[in-house]
There are 2 protein chains.
Amino acid sequence: MGDQVRRNMPLFPMGIVMQLTELSARQIRYYEENKLITPARSEGNRRLFSFNDVDRLLEIKSLLERGVNLAGIREVFEMRERGMQTLHPYYRKEPTEAELHNHLKKELYQAGRYGKASLIQGELSRFFN
Amino acid sequence: MGDQVRRNMPLFPMGIVMQLTELSARQIRYYEENKLITPARSEGNRRLFSFNDVDRLLEIKSLLERGVNLAGIREVFEMRERGMQTLHPYYRKEPTEAELHNHLKKELYQAGRYGKASLIQGELSRFFN
DNA sequence: AATAAATGTTAGGAATCCTTACATTTATTT
DNA sequence: AAATAAATGTAAGGATTCCTAACATTTATT
């Protein structure tokens, strides 16, 4: 069984993830609402979080504490998914992109040096190996 | 945070453990009743299983399939906790010990070569690293 | 001051899990 | 073969956890 598969297995209920991340249910649901995570669901519609979900939540928390807003975090995640290292992914996109980029840059600038949190792959590894 | 601590963190609810082990809730509760596992409890008295709990359940299942009964499995676990490799831990114990040992030996004998399943540390590693 | 972003709080309902009790199956013993 | 024991199934009633939705509050930005 691949590592990628394992890290995406739906395992944890809301209560455990709240403890693991020290986030409120409201916060976690809000981040999902904003497409920052997409936890699986049980048959009865209960959220089931994977290791990767928890990792993401920890990173969201870290970035928020650094002053990045949800739009910025979304951008950071999309950036990574495209396998980019640059901070400028604005070519070949929608009109509002320039503004978005500007906004992000400004926030990241005043949030202190960027790149540290987003480079921490696997925050959850503090809990598990 | 130590590895031992992590593997003992209460994380999984009953439903997930059922899927992970392919055991029924009845079976899992019965094994707890017989002191083969001791999952933690939530504030509201719900079982919360750790990695080690799931590992144990997988081993219980394996041993049961080999014909070992619960008493035998309990013996195997106690044996390991004492850090023994021998199959003869009957000195310095209660009167019924000799019978127990005899019983176990018989079962293990007819269950095929012993030692394989109990040596598999971390069955759950098939799912996680 | 007004707006927006992020989070808190509450309510009502649904899903999951709890214990307890009794039934069933399978193996062992007499 | 009948009786006993071990392991599991099943069902009921109740408690816990989680769900969505709505409205309130806090904080930052405009």
State plainly whether the residues [X] and [Y] are in salt-bridge range, i.e. N to O under 4.0 Å.
| X | Y | answer |
| --- | --- | --- |
| B:R47 | B:D53 | no |
| A:R74 | A:E78 | no |
| B:E33 | B:R29 | no |

For D:dT10, which nucleotide in any strand shown is its Watson-Crick or wobble partner with both distances under 3.5 Å? C:dA21
Only pairs with both distances under 3.5 Å count, Watson-Crick or wobble alike; so what is the partner of C:dT26 in this structure?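 When the pairing criteria are applied, D:dA5 turns out to be the nucleotide that pairs with C:dT26.
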If you compare every side-chain N and O of [X] against the phosphate oxygens of [N] (OP1, OP2), does one of them come in below 4.0 Å?
| X | N | result |
| --- | --- | --- |
| A:R46 | D:dT17 | no |
| B:S42 | D:dT16 | no |
| A:Y30 | C:dA6 | yes |
| A:R26 | C:dA6 | no |

Rounded to the nearest 0.5 Å, how far does CD1 of A:I28 lie from CE of A:M18?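 A:M18 CE to A:I28 CD1: 6.5 Å, rounded to 0.5 Å.
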Would you kindly give the [atom1]-to-[atom2] distance between [X] and [N], to the nearest whole Å?
| X | N | atom1 | atom2 | answer |
| --- | --- | --- | --- | --- |
| B:E43 | D:dA15 | CD | P | 17 Å |
| B:I16 | D:dC18 | CD1 | P | 12 Å |
| A:E65 | C:dA6 | CD | P | 14 Å |
| A:R41 | D:dT20 | CZ | C1' | 9 Å |
| A:L48 | D:dT17 | CG | C1' | 13 Å |
| B:I73 | D:dA6 | CD1 | C1' | 12 Å |
| A:M18 | C:dT7 | CE | P | 13 Å |
| A:Y31 | C:dA6 | OH | P | 8 Å |

Choose from C:dT16, D:dT20, D:dT8 the nucleotide whose nearest atom is closest to any side-chain atom of A:N45.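 The answer is D:dT20, which lies nearest to the side chain.
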Nearest-neighbour nucleotide for the A:S24 side chain, C:dC17, C:dG8, C:dA6 considered: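 Among the listed nucleotides, the one closest to the side chain of A:S24 is C:dG8.
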Which comes earlier along DNA chain D counting from the 5' end, the contact point of B:Q27 or that of A:E32, where each point is its nearest nucleotide?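 Whichever sits nearer the 5' end wins; that is B:Q27.
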Closest approach of B:L36 and B:R56, non-hydrogen atoms and distance? O-NH1, 2.6 Å
What is the nucleic acid contact for A:R29, judged by heavy atoms within less than 4.0 Å: base, sugar-phosphate only, or nothing?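 Touches a base.
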